[in-house]
Amino acid sequence: MEIPKQYDPKQAEQHHYERWEKQGCFAPEINRDENAPPFCIVIPPPNVTGSLHMGHALQHTMMDVITRYKRMCGYRTLWLPGMDHAGISTQLMVTRELKKEGVSRYDLGREKFIERVWKWKKESGGQITKQMRREGVSVDWSREKFTMDEDLSNAVREVFVRLYEEGKIYRGNRIVNWCPNDQTVLSDLEVEKIPQAGKLYYLRYPAKNGGGSVTVATTRPETMLGDTAVAVNPADERYRELLGQTLLLPLTDREIRVVADEFVDPEFGTGAVKVTPAHDPNDYDMGVRHNLEQVVVIDSHAKMTEAAGAEFVGLDRYKARTKVVEKFEELGLLEKVVDYEFSISKCERCKTVIEPLISTQWFLRMDELRDDALKLLAERKLPQFVPEVPYEKVYSNWLENLRDWTISRQLWWGHQIPAWYTPDGEVFVARTEEEAKAKAGTDDLTQDSDVLDTWFSSQLWPFSTMGWPEKTKDLDTFYPTSVLMTGRDIIFLWVSRMVMMGLKFVGSEPFADVFVTGTILDAQGQRMSKTKMNGIDPLEVFEKYGVDATRLKLASVGSTDIRWSDKQVESYRNFANKIWNAARFCMMNSGSAAVDPKSLTSSPELALHDRWILSRLNKTARDVREALASYGFHEAVQTLYHFFWDDFCDWYIELTKTDVSAEADSPQRSAARTRLLSVLEQALRLLHPFMPYLTEELWLRLPGIGSQLLHPAYQSAEPTIMLAWYPEASAALIDETVEWEMQAVIDLISRVRNIRSEMNIKPGEPISLLVGAPDEKLRTVFSANENQIRRLARASEISVSERLEAPKASARAVLVGGAEVAIPLAGLIDFGQERQRLNKEKEKLAAEATKLEAQLANPQFAERAPAEKVNEVRERIADIAQRSAQLDQTIANLE
RNA sequence: AGGCGCGUAGCUCAGGGGUAGAGCACUACCUUGACACGGUAGGGGUCUGGGGUUCAAAUCCCCACGCGCCUACCA
């Protein structure tokens, strides 16, 4: 038999994926059952510029586990892959490439630039799709989509036009987040607030009449050049007289009013606020309320405009700040400067400080869409978040406070806005240029040069990828999808928007469940990030420990944040090797036996350990299915790990060795071999969604595998474990009595081993066992399993009787049900040591008894606790009393 | 400023009103015919602290401390 002693993950990872893909195992069409229920996941499309990181590996593992599981359960399964065109990232990447050639995108022009991006995409984009194949993800590559594909772009235009026609999309002149570096507007979600140490400047503005003045506090003195008012709280007594008065704005010849506004907090600063409607979102709102002029003093490159005055025009905003402060000081109008920590808005991508600017952009009105999403959650509890706490609240709170969304971007790479202008500025929104021309009645049109926010197309992903707005078969079959699995960072950016769009355009929710994964942190508990360089490359982990071991680790992460540790992957690598060697044993001892699921039915003639492993196997299938039904990945992994290692390897293989490796051929021997192989085969199926490569590698080697093991929906497919029927628990095979009996045997063996170890009896030293069991049933169990006990406890002989009669020079232990075991140790026993060992045991019992007795002594306990609990405590006390008595006896006998 | 989560063995983490768990690490023994990436047996925890509810709290509630995360228009 030529099976290596160590599992080689790389070898197994080499060929199966290609075979699966070629044979169409990933496509839903492999399922020939017309009535098969659908199961569908759409992948959160990674950026075309991206490469695989731990977050992907984590999410992909969980999606793959569920997908493979559902497929094995006979669902018509689709996991749809694809990529996002990632507007800004991609444009920056290509721009950088061009820069190396000494060319700017403007030199190239829009059309050539976009051609260049496509060329880049074709040649070096989408690295991630190759890396994903290594992960073993069972996505249907034949349906792979890209947000800039022709059909997805159609969907984008369709949605845009319909929303425009309904008045939800509008063009407006508003204050927006502007990135002076990327030269584009950004949505609120693409801006991050970073706390920063700064200064608060107190500036004095003289009043026009009389010698008075007002002091305002600001973090941005340079914006004072654009001030058009000072605001105070109407309830603020201090400024009552000032209301309606006129101030002389220093450094300018402008006169500004003092207005009253509730927004102003009298407690902060001086209680008077300078108002710069053109350069601050709050001031903008105040400006609207008080009909204030908007004086633009900073331009799109964050330089001062002409309106800032001759002295300042052309200055960078920070240079202007210094200069403004200097001037105020010269004029004696700078009251003070204090240290002040505040949050500053930065561009999420390039970290440039955002400049709030007034600009004409396209917006999407969110109120109705938002209300529908909230209604869906309130009335039908969709989507169902897992874990529900805290994500359901996070999601609904955000929706409740939602503002209109700035959807235009001043980029070239993306979906160009389907709006055309006549020379005199009239706008026509249409699906195509032809349609626009027809509407406008002229050919002289110019298309809006902006593109849409990348998320505008991603929000359509669950249905645009399935052919919407056409009524396709996929859409009919797979929408709404089953579950969305993602990290918590895009609940707002993506999840909520998909819900709103799904409701709006398909009329139903895009997915039933949203499973939110945890975050993998580095060993110090910090988030992995490119800038910190603390990321762990999943491909390196695959290389070192194998894909399956890594997947098992990732699957067990679930939804909590976790610090990365190679150690855990290593232990799953060991587990993989354990599985390999268990299978190796089964196959080396299989002879002419073959896998046969029919051998997995119980009958009273079967030995205890056989009935036991069937019970354990079925319980495992039940528990794993239950765990996966509620996305309990961690629990599923633990259940499988312990079933395979503890139950199957440590006990069952050991217990069945005599049967399986008997010298002489017999019906019993071949039945035992068939059973062993079949239990293994079932275990491999249970493990397959988590460890696809290892299980396939082994499964294909098992004797007797074939199409007959596949789920009926896949009967015509080539044999592969990924299409085998996922084991289903049979309640009839779960037998608590059998498990209890087996546990008694296991306990006996463990107690004997414990004595051996504590008494320093060499493993080779022959011992004999005397077992006393007043309970007849227990005696039967022990007697029936004499051979097993002898072998596993390494005893040369064993005798079971009603009452224990053993020589004084024996080591003893008390077992369940009043049973006892004694090991005669004439000449070997150290009485002192044995007494010590027994006393230690007695102390343990005594401590437990004290606790229980105190509980029982409490009259309230007997009165109020359920009778069942009270009885349980009584029984335990009785059991402990019996054991203690036996121990006392044993200790006394030692003398 | 609000909201949320976390604090359990040396480490990384499960669990969660009724006997405190796993893996790794540690100790001792074992090259036993599947596997030393292994086997057997052990040691190790006032479940952050303090109150409360309850017959019973690691678990539920409140407070404190520590650590994270998210949201926010306080100049």
Side-chain angles (χ1 to χ4, degrees), chain A residues 1 3 5-7 193 200-201 216-220 223 231 263-265 267-276 280-286 340 342-343 356 387 389-391 393-394 397-398 401 488-489 491-492 519 521 523 525-527 545 549 553 556-558 560-568 570-589 634-635 637-638 641-642 649-650 653-654 657 661 749-750 753-758 760-764 792 794 848 851-852 855-856 858-866 868-870 872-873 876:
Chain A
M1 197 56 66
I3 304 172
K5 283 171 99 167
Q6 273 197 4
Y7 170 51
K193 309 258 170 159
L200 193 57
Y201 301 86
V216 295
T218 180
T219 54
R220 300 197 59 195
T223 62
F263 167 79
V264 180
D265 175 6
E267 303 295 316
F268 188 89
T270 60
V273 186
K274 61 188 272 309
V275 185
T276 323
D280 182 281
N282 297 316
D283 294 6
Y284 176 85
D285 292 343
M286 264 197 275
Y340 182 64
F342 61 100
S343 285
V389 178
Y391 298 112
K393 232 168 116 184
V394 166
N397 281 351
W398 185 77
N401 299 312
R488 67 171 81 92
D489 48 335
I491 291 179
F492 308 145
T519 308
L521 309 169
Q526 295 201 300
R527 306 188 72 140
Y545 300 105
K553 160 65 192 169
S556 67
V557 166
T560 44
D561 293 356
I562 201 164
R563 293 180 188 212
W564 183 261
S565 157
D566 269 9
K567 282 282 173 199
Q568 291 157 24
E570 192 183 330
S571 86
Y572 286 122
R573 189 270 319 260
N574 295 351
F575 180 52
N577 196 55
K578 188 74 179 177
I579 296 169
W580 178 263
N581 278 288
R584 182 168 175 262
F585 172 82
C586 297
M587 287 187 269
M588 284 183 353
N589 290 284
H634 185 275
E635 197 191 335
V637 170
Q638 291 307 306
Y641 184 96
H642 287 112
C649 293
D650 287 352
I653 288 183
E654 294 307 323
K657 263 180 187 168
S661 49
I749 294 167
S750 300
R753 285 168 171 175
N754 172 257
I755 289 171
R756 252 191 197 284
S757 173
E758 301 247 324
N760 292 320
I761 302 164
K762 295 275 175 219
L792 298 185
R794 310 188 116 238
E848 205 184 330
K851 258 206 287 194
L852 292 169
Q855 198 177 358
L856 201 58
N858 182 349
Q860 313 251 38
F861 173 66
E863 249 171 64
R864 305 203 188 173
E868 188 195 340
K869 284 286 163 210
V870 180
E872 199 182 298
V873 171
R876 278 172 56 203

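The chains referred to below are lettered A, B, ... by the order of the sequence lines, with proteins before strands, and numbering in each begins at 1.
Between A/Lys393 and A/Val389 there is no side-chain heavy-atom pair separated by less than 4.5 Å. For the pair A/Glu570/A/Tyr545, a side-chain contact is recorded, criterion being any heavy-atom separation below 4.5 Å from C-beta on. Using a 4.5 Å heavy-atom cutoff, the side chains of A/Val275 and A/Phe263 are not in contact. Side-chain contact between A/Asn589 and A/Lys657: absent, with no pair of heavy atoms (C-beta onward) separated by less than 4.5 Å. The side-chain heavy atoms of A/Ile491 and A/Trp398, taken from C-beta on, include no pair separated by under 4.5 Å.
No contact: A/Ser661 has no heavy atom under 4.0 Å from any strand. Among the protein residues, A/Ser571 comes within range of the sugar-phosphate backbone only, with heavy atoms under 4.0 Å from sugar or phosphate atoms but none that close to a base. At the heavy-atom level, A/Lys657 lies under 4.0 Å from base atoms of the strands shown. Nucleic acid contact class of A/Tyr391 (heavy atoms, under 4.0 Å, all strands): none. At a threshold of 4.0 angstrom between heavy atoms, the contacts of A/Gln526 with the nucleic acid are absent. Within the 4.0 angstrom heavy-atom criterion, only backbone atoms of the sugar-phosphate kind lie near A/Asp650; the bases stay farther away. Counting non-hydrogen atoms under 4.0 angstrom, A/Lys869 reaches a base of the nucleic acid. Among the heavy atoms of the strands lying under 4.0 Å from A/Val389 are primed sugar atoms or P, OP1, OP2 only; no base atom is included. Residue A/Gln855 is classed as a base contact, given a heavy-atom separation below 4.0 Å to a base. At the heavy-atom level, A/Pro866 lies under 4.0 Å from base atoms of the strands shown. Note on A/Cys649: a base of the nucleic acid sits closer than 4.0 angstrom, heavy atoms only.
B/U54 atom C1' lies 14 Å from atom CD of A/Glu863, rounded to whole Å. A/Asp561 has its CG atom 11 Å from the P atom of B/C6, to the nearest Å. Counting to the nearest Å, the P atom of B/G23 and the CH2 atom of A/Trp564 are 19 Å from each other. With rounding to whole Å, A/Phe585 atom CZ is found 10 Å from B/C35 atom P. Distance A/Ile761 CD1 to B/C30 P: 14 Å, rounded to the nearest Å. Atom-to-atom, CG of A/Asn397 to C1' of B/C4 comes out at 10 Å; the value is rounded to the nearest Å. Atom pair A/Tyr572:OH and B/C13:P shows a separation of 13 Å (rounding to whole Å applied). Taking atom CD1 on A/Ile755 and atom C1' on B/G42, their separation rounds to 15 Å, with Å as the unit.
Considering only side-chain N and O atoms, A/Arg794 lies nowhere under 4.0 angstrom from the phosphate OP1 or OP2 of B/G39. Within the structure, a side-chain polar atom (N or O) of A/Lys851 is placed less than 4.0 Å from OP1 or OP2 of B/A20. OP1 or OP2 of B/U40 has not a single side-chain nitrogen or oxygen of A/Ser750 nearer than 4.0 Å. A close approach under 4.0 Å does occur between a side-chain nitrogen or oxygen of A/Asn574 and OP1 or OP2 of B/G38. Between B/C37 and A/Asn581, no contact under 4.0 Å exists linking OP1 or OP2 to a side-chain N or O.
Mapped onto RNA chain B by nearest heavy atom, A/Ala865 and A/Tyr7 fall at different nucleotides, with A/Tyr7 at the one closer to the 5' end. Looking at which nucleotide of RNA chain B each of A/Ala523 and A/Gln638 is closest to, the 5′-most match is held by A/Ala523.
Across all strands shown, B/G23 forms a Watson-Crick or G-U wobble pair, both distances under 3.5 Å, with B/C11. When both pairing distances are held under 3.5 Å, B/G2 makes a Watson-Crick or G-U pair with B/C70. Taking a pair to require two hydrogen-bonding distances under 3.5 Å in either a Watson-Crick or a G-U wobble arrangement, B/G18 pairs with B/C55. Nucleotide B/G33 has no partner under the Watson-Crick or G-U criteria, as no pair reaches both atom distances under 3.5 Å. Pairing partner, B/C47: none, since no Watson-Crick or wobble contact has both distances short of 3.5 Å.
In this structure, the side chain of A/Ser571 engages the main chain of A/Gln568 through a donor-acceptor pair within 3.5 Å. Checked by atom type and distance alone, the side chain of A/Asn577 never pairs as donor or acceptor with a backbone atom of A/Arg573 at under 3.5 Å. In terms of modelled atom types and a separation under 3.5 Å, the side chain of A/Arg756 and the main chain of A/Arg794 share a donor-acceptor contact.
Between the C1' atoms of B/C70 and B/U8, the separation comes to 26 Å (whole Å). Between B/G66 and B/U27, the two P atoms lie 37 Å apart (nearest whole Å). Spacing between B/A14 and B/A28 at atom P, rounded to whole Å, works out to 32 Å. B/A22 and B/C62: their C1' atoms are spaced 33 Å apart (whole Å). Between the C1' atoms of B/A34 and B/C6, the separation comes to 43 Å (whole Å). One P atom belongs to B/C60, the other to B/G17, and the distance between them is 7 Å to the nearest Å. The separation of B/U46 from B/G42, taken at their C1' atoms, amounts to 23 Å, rounded to a whole angstrom. A gap of 16 Å separates the P atoms of B/G3 and B/C61, to the nearest Å.
For B/C35, the base has no donor-acceptor partner in the side chain of A/Lys5 [N/O atoms by modelled type, under 3.5 angstrom]. Residue A/Gln568 places no side-chain atom within donor-acceptor reach of the base of B/C24, judged by atom type and a 3.5 Å distance cut-off alone. For A/Arg573 against B/C37, a side-chain N or O and a base N or O form a donor-acceptor pair under 3.5 Å. A donor and an acceptor atom never sit less than 3.5 Å apart when one is taken from the side chain of A/Glu635 and the other from the base of B/A22.
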Using a cutoff of under 3.5 Å, can you pull out all pairs of nitrogen or oxygen atoms linking the protein to nucleotides 72-75 of chain B, with atom names and distances?
unit_1 : atom_1 : unit_2   : atom_2 : d
B/C73  : O4'    : A/Asn282 : OD1    : 3.1
B/C73  : O2'    : A/Asn282 : OD1    : 3.1
B/C73  : O2'    : A/Asn282 : ND2    : 2.1
B/C73  : N1     : A/Asn282 : OD1    : 3.2
B/C73  : O2     : A/Asn282 : OD1    : 3.4
B/C74  : O2     : A/Asp265 : OD2    : 3.0
B/C74  : N3     : A/Asp265 : OD2    : 2.9
B/A75  : OP2    : A/Tyr340 : OH     : 2.5
B/A75  : O2'    : A/Ala217 : O      : 2.9
B/A75  : N6     : A/Asp265 : O      : 2.7
B/A75  : N6     : A/Phe268 : O      : 3.1
B/A75  : N1     : A/Asp265 : N      : 3.3

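A/Phe342 and A/Tyr340 have parallel rings, their planes meeting at less than 30° on a 0 to 90° scale where 60° marks the start of perpendicular.
Here B/C37 is the nucleotide among B/G23, B/C37, B/C35 with the atom lying nearest to any side-chain atom of A/Gln6. Checking B/G23, B/G38, B/U12 against the side-chain heavy atoms of A/Ile562 singles out B/U12 as nearest. Of the candidates B/C13, B/C4, B/G18, the closest approach to any side-chain atom of A/Lys393 belongs to B/C4.
For the pair A/Lys578 and A/Tyr641, the cation-pi criterion (under 6.0 Å, within 45° of the ring axis) is not fulfilled.
Taking 4.0 Å as the cut-off between side-chain N and carboxylate O, A/Asp561 and A/Arg488 count as a salt-bridged pair.
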